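The structure appears right after this line, and notes come after that.
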Amino acid sequence: MEIFTQFSSDLDDTTKKQLAYGQGLMRLLRQPQSNPFKPHEQIIMLVAATAHVMQDIEPDNITKFRKGLLDYFHREEKDICEQLEKSGQMDDELKAEIIEISKKYLGIWQTREK
């Protein structure tokens, strides 16, 4: 779709939003060279992303948001990180908790960025 946009300047808002979401996902999933994300970090990022927590963050800010989100989980939600790392399992309750915490961090992040 991104290539398609090069040939058309008349995109509707839904398409623009979908393209921005895709660009954000691409940046979110880019792992630092020689320093891959731990499994629990990948789970947290993917749960937050699929819940569209980062939908309104500019793609250029996704990397910064990702770092802050993971730091927040490591600092404030160690038990979730440890639980995911040890068991590798996630139930609906834990997924909902990760989404809720990610949204909470989003509010903190948006306040700091203003």
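Along the sequence shown, residues are numbered consecutively beginning with 1. Only a predicted model underlies this, so the values are computations on that prediction, with no experimental measurement involved.
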Report the relative orientation of the aromatic rings in Y105 and F65; use parallel for angles under 30°, tilted for 30 to 60°, perpendicular for over 60°. tilted

Can you confirm whether E58 is buried at CD, in the sense that more than 12 heavy atoms of other residues, nucleotides or ligands lie under 6.0 Å from that atom? no

Residue pair L29 / L46: nearest heavy atoms and the distance that separates them: CD2-CD2, 3.6 Å

Taking all non-hydrogen atoms of both residues, which atom of A48 and which atom of M54 are closest, and how far apart? CB-CE, 3.4 Å

Once you round to the nearest 0.5 Å, how far does CD1 of I99 lie from OG1 of T50? 6.5 Å

Can you tell whether the side chains of R66 and E41 come within less than 4.0 Å, N to carboxylate O? no

If you round to the nearest 0.5 Å, how far is CD of Q23 from CG of D60? 8.5 Å

If you count every heavy atom of other residues, nucleotides or ligands that lies below 6.0 Å from E85 atom CD, does the total exceed 12? yes

Quick one: CD on E77 to SG on C81, what's the gap to the nearest 0.5 Å? 8.0 Å

Decide yes or no for D56 and L106: does some side-chain heavy atom of the first lie under 4.5 Å from some side-chain heavy atom of the second? no

Using a cut-off of 6.0 Å, state whether more than 12 heavy atoms not belonging to D79 lie near its atom CG. yes

Relative to each other, are the rings of H40 and H74 parallel, tilted or perpendicular (30° and 60° limits)? perpendicular

Of all heavy-atom pairs between I98 and F73, which one has the smallest distance, and what is that distance? O-CZ, 3.9 Å

Cationic N near anionic O, under 4.0 Å, D91 to K95: no

In terms of heavy-atom contacts, does CD of E93 have more than 12 from other residues, nucleotides or ligands at under 6.0 Å? no

Report the C-alpha distance between I57 and W109 in whole Å, list the side-chain angles of each, state the deciding distance to 0.1 Å, and finish with yes or no for side-chain contact (heavy atoms from CB on, under 4.5 Å). CA-CA 10 Å; I57 296 176; W109 188 81; 3.9 Å; yes

Taking every non-hydrogen atom, the tightest pair across A49 and L28: CB-CD2, 3.5 Å

In terms of heavy-atom contacts, M45 and F37 come closest through CE-CD1, 3.5 Å

N/O donor-acceptor pair under 3.5 Å between R27 side chain and P59 backbone: yes

Once rounded to the nearest 0.5 Å, what's the spacing between atom CD of Q55 and atom CG of L25? 9.0 Å

Going only through I, L, V, M, F, W and Y residues with side-chain contacts under 4.5 Å, is there a path from M26 to L70? no

Mind checking whether S102 and V47 have side chains closer than 4.5 Å, heavy atoms only? no

Of the non-hydrogen atoms in L84 and Q89, which two are nearest, and what is the gap between them? CD2-O, 3.7 Å

